Number of protein chains: 2
Amino acid sequence: MITLKDIAKELGISISTVSKALNNSYEISQATINKVQKLAKEYNYKPNKAALSLKKSKTKTIGVIIPDILNHFFAKSLHGIEKEASKLGYSIITCISNELYQSEKKNIELLANGSVDGYIISVAAETQKKHEVEHFKSVLRQQLPIVMFDRMIEDVSCDKVIIDDFGAAYKATNQLLKEGRKKIVLLSTLKGLNVGKLRTEGYLKAIEENKVYKENPIVVNINTAIDLEEQVSKVFKEYKDLDGILAIDNTLGVIAINKAKHFDYKLPKDISIIGFSDYNVLPFCNPKLSTVTQHSEEIGENAVRMIIDRIEKKASVQKITKVIKTSIELRETTKNI
Amino acid sequence: MITLKDIAKELGISISTVSKALNNSYEISQATINKVQKLAKEYNYKPNKAALSLKKSKTKTIGVIIPDILNHFFAKSLHGIEKEASKLGYSIITCISNELYQSEKKNIELLANGSVDGYIISVAAETQKKHEVEHFKSVLRQQLPIVMFDRMIEDVSCDKVIIDDFGAAYKATNQLLKEGRKKIVLLSTLKGLNVGKLRTEGYLKAIEENKVYKENPIVVNINTAIDLEEQVSKVFKEYKDLDGILAIDNTLGVIAINKAKHFDYKLPKDISIIGFSDYNVLPFCNPKLSTVTQHSEEIGENAVRMIIDRIEKKASVQKITKVIKTSIELRETTKNI
DNA sequence: CTGTTAGCGCTTTCAT
DNA sequence: ATGAAAGCGCTAACAG
């Protein structure tokens with residue numbers, strides 16, 4: 001790699017003059033600036049990242065820790081993070097916790113050696129379940145800011161970007177009620193995550209508030225470790241006159257469509273189904289699943305802006321929680337009311 | 001952050017003694033080593049990454065440039081990369097080219113300032129189409145090694161990890177022929193990628209070699225920018241007595257299943273279908289799609305091992321191309337022969 | 001307008 | 001067994 005020293009030597013001037021010339025310092029004559037910049041371009045000079053980091057105690061990189069890259073929600077969020085960070089002149093170091101507390105902790109500690117200026121984290125399921133917070137607090141004590149997105153822990157004092165899961169489920173359930181559905185099942189999963197709890201609460205609230213709806217709420221917990229289709233089949237058999245399904249993710253949504261067809265329901269005449277869009281399953285379903293859309297990339301972009309504001313001390317002292325609204329996209333598995 | 005200086009001052013000894021003590025140097029007395037390491041642990045000392053990089057001209061990080069994070073093949077490869085790199089003590093900086101040449105070039109150049117010790121790259125579609133190579137060669141000239149995976153360019157002299165796409169398509173087509181299929185269509189896509197070409201060639205070779213098979217090969221290019229289902233429907237209408245489909249990706253595989261059912265084919269009695277497993281579509285199809293499996297994570301792991309061998313100069317001077325074998329997983333859309 | 005110098009945190013050679 | 005000093009590449013305060 002070509003250095004300031006090389007350029008200085010070649011031009012017979014001092015290193016600091018070269019440095020200032022490259023930074024267009026007012027102290028340097030235009031003539032010198034020109035010849036220095038010309039040579040620098042010629043040699044394709046780039047300031048050494050490590051030297052810059054060392055000097056300025058700033059790395060211009062963000063540590064991103066996500067639980068699972070194969071989950072489309074996180075992949076899309078990561079995409080948003082990468083795009084926005086790159087736009088704002090930051091790099092990202094990506095670590096994957098695989099939903100494990102130890103792995104998350106190890107990754108966070110590994111980066112706390114001046115590798116990053118701050119973190120964007122979506123908390124591992126295990127960490128959330130065990131309610132481990134010490135590794136986050138330790139980092140915060142070292143003055144490294146954290147932004148949590150989607151999966152967060154209430155009592156860690158940092159900026160947060162969350163999805164309005166409660167409101168989304170509430171709205172989606174209301175859509176089903178508005179269509180006159182009388183027996184609505186929530187297909188949930190048993191993962192001990194906030195997300196699931198909030199969506200369940202949103203569903204319950206909508207059901208309870210509705211005066212017309214007579215049935216009790218029906219929450220079915222699907223075990224994701226075993227055969228999904230069989231479990232969904234069982235739901236159809238158990239609740240004969242079922243006419244609405246809110247599926248907590250899109251996989252369950254598509255399976256619900258297929259099972260509804262299998263049990264000779266007409267969609268959306270006999271039954272309405274709404275899913276959550278963690279990824280694009282539209283090519284695989286017929287009719288097309290109506291979904292709650294999460295705007296995953298926007299979530300990532302917001303997280304980046306918040307962490308950079310914090311790193312560059314442009315944010316207020318107070319911690320901010322930004323709620324990203326979801327939207328419902330009605331397609332063919334709901335009546336378009 | 002706590003530094004050597006802090007520890008030295010606290011213990012009333014010199015910085016260099018502390019440094020040596022932490023590295024268990026034989027020059028230092030056991031007593032000193034003990035008290036230094038004890039205090040370092042107490043203060044949770046971590047050597048500053050930037051200083052280390054600067055001193056050693058080694059960053060212990062790898063730049064990873066992939067075309068598309070939402071594509072499951074790349075997401076899984078990235079997962080393999082991250083896992084293996086982390087195991088071997090390296091970090092990764094991830095950049096996404098979005099299949100664009102300019103973005104790829106920009107990202108590569110951005111990291112060529114001492115940010116990384118080497119690159120793992122899967123070439124953007126546009127770059128491959130335009131056959132741009134200068135940005136790769138420029139990096140190579142700066143002594144930064146590159147490993148390309150999956151999407152590579154023949155005449156860039158670097159290590160490569162590729163999938164046996166030709167062999168995979170050849171084997172899959174032979175499976176269909178072995179089942180006695182007489183009219184086999186290849187559903188391909190028009191993306192100008194090597195991958196597509198190789199799979200097509202594998203299909204063609206198998207067809208041509210077979211003495212029993214009388215039909216001409218049928219390669220249908222699907223335009224991924226417009227409605228996929230309609231195009232697949234058209235194939236079924238155009239080739240009435242079609243009894244085998246090799247789909248170049250799993251999305252097309254599932255769509256083919258659905259269309260086959262729609263046109264009243266019994267699977268696998270009337271028709272066999274094989275897809276390529278870029279991601280897990282099994283929950284969405286019934287019967288379950290037989291697939292060619294790509295072992296994406298293994299590809300990523302191999303790429304990491306190769307780049308580290310290169311970085312640490314453990315590899316032979318000669319460039320290596322490693323071919324990762326695929327396997328066929330027969331499920332319910334093929335006769336189990 | 002240009003140059004000298006110190007220092008970011010660390011390793012390593014060379015004295016002591 | 002310990003320490004002083006140089007140097008990795010850069011910036012910036014200060015001197016001239």
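In what follows, chains are A, B, ... by sequence order, proteins preceding strands, each numbered from 1. Remember, predicted model here, so these are calculated numbers, not experimental data.
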Show the atom names and distances, to 0.1 Å, of all donor-acceptor pairs under 3.5 Å that link a side chain in residues 43-52 of chain A to residues at least two apart or in another chain.
{"from": "A:Tyr43", "atom 1": "OH", "to": "A:Glu10", "atom 2": "OE1", "distance (Å)": "2.7"}
{"from": "A:Tyr43", "atom 1": "OH", "to": "A:Glu10", "atom 2": "OE2", "distance (Å)": "3.2"}
{"from": "A:Asn48", "atom 1": "OD1", "to": "A:Ala50", "atom 2": "N", "distance (Å)": "2.8"}
{"from": "A:Asn48", "atom 1": "OD1", "to": "A:Ala51", "atom 2": "N", "distance (Å)": "2.9"}
{"from": "A:Lys49", "atom 1": "NZ", "to": "A:Thr59", "atom 2": "O", "distance (Å)": "3.2"}

What side-chain donor-acceptor pairs closer than 3.5 Å can you find for residues 108-116 of chain A, not counting sequence neighbours?
{"from": "A:Glu109", "atom 1": "OE2", "to": "A:Lys105", "atom 2": "NZ", "distance (Å)": "3.2"}
{"from": "A:Asn113", "atom 1": "OD1", "to": "A:Ser115", "atom 2": "N", "distance (Å)": "3.3"}
{"from": "A:Asn113", "atom 1": "OD1", "to": "A:Ser115", "atom 2": "OG", "distance (Å)": "2.7"}

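A salt bridge links A:Glu134 with A:Arg141: the distance from a Lys NZ or Arg NE/NH1/NH2 to an Asp or Glu carboxylate oxygen falls below 4.0 Å. A salt bridge links B:Glu312 with B:Lys314; the closest basic N to acidic carboxylate O contact falls under 4.0 Å. We find that A:Glu99 and A:Arg151 are joined by a salt bridge, their nearest charged nitrogen and carboxylate oxygen being less than 4.0 Å apart. With respect to B:Glu84 and B:Lys87, a salt bridge is recorded, a charged nitrogen being found less than 4.0 Å from a carboxylate O.
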So which protein N/O to nucleotides 6-9 of chain D N/O distances come out below 3.5 Å?
{"from": "D:dG7", "atom 1": "N2", "to": "B:Lys55", "atom 2": "NZ", "distance (Å)": "2.4"}
{"from": "D:dG7", "atom 1": "N3", "to": "B:Lys55", "atom 2": "NZ", "distance (Å)": "3.2"}

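Counting heavy atoms from C-beta outward, B:Phe136 and B:Ile153 have side chains that approach closer than 4.5 Å.
Between B:Phe73 and B:Phe149, the ring-plane angle classifies as tilted under the 30° and 60° cut-offs.
Looking at A:Asn98 and B:His79, their side chains do bring a donor and an acceptor atom within 3.5 Å of each other.
Of all nucleotides in DNA chain C having an atom under 4.0 Å from a heavy atom of chain A, the first and last in 5' to 3' order are C:dC1 to C:dG9.
Among the protein residues, B:Thr32 comes within range of the sugar-phosphate backbone only, with heavy atoms under 4.0 Å from sugar or phosphate atoms but none that close to a base.
We find the CG-CD distance between B:Asn23 and B:Gln37 to be 9.0 Å, quoted to the nearest 0.5 Å.
Near DNA chain C, defined here as any heavy-atom distance below 4.0 Å, the residues from residues 12-28 of chain A are A:Ile13, A:Ser14, A:Ser16, A:Thr17, A:Lys20, A:Glu27, A:Ile28, listed numerically.
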Between A:Ile62 and A:Ile308, is the side-chain contact (heavy atoms from CB on, under 4.5 Å) condition met? List the steps. CA-CA 9 Å; A:Ile62 299 167; A:Ile308 292 181; 4.2 Å; yes
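Taking five base pairs at each end of the helix from C:dC1-D:dG16 to C:dT16-D:dA1 and finding the rotation axis that steps the C1' atoms of four pairs onto the next four gives two axes whose angle is 60°, to the nearest 10°.
Heavy-atom neighbours of B:Gln318 CD from other residues, nucleotides or ligands within 6.0 Å: at or below the threshold of 12.
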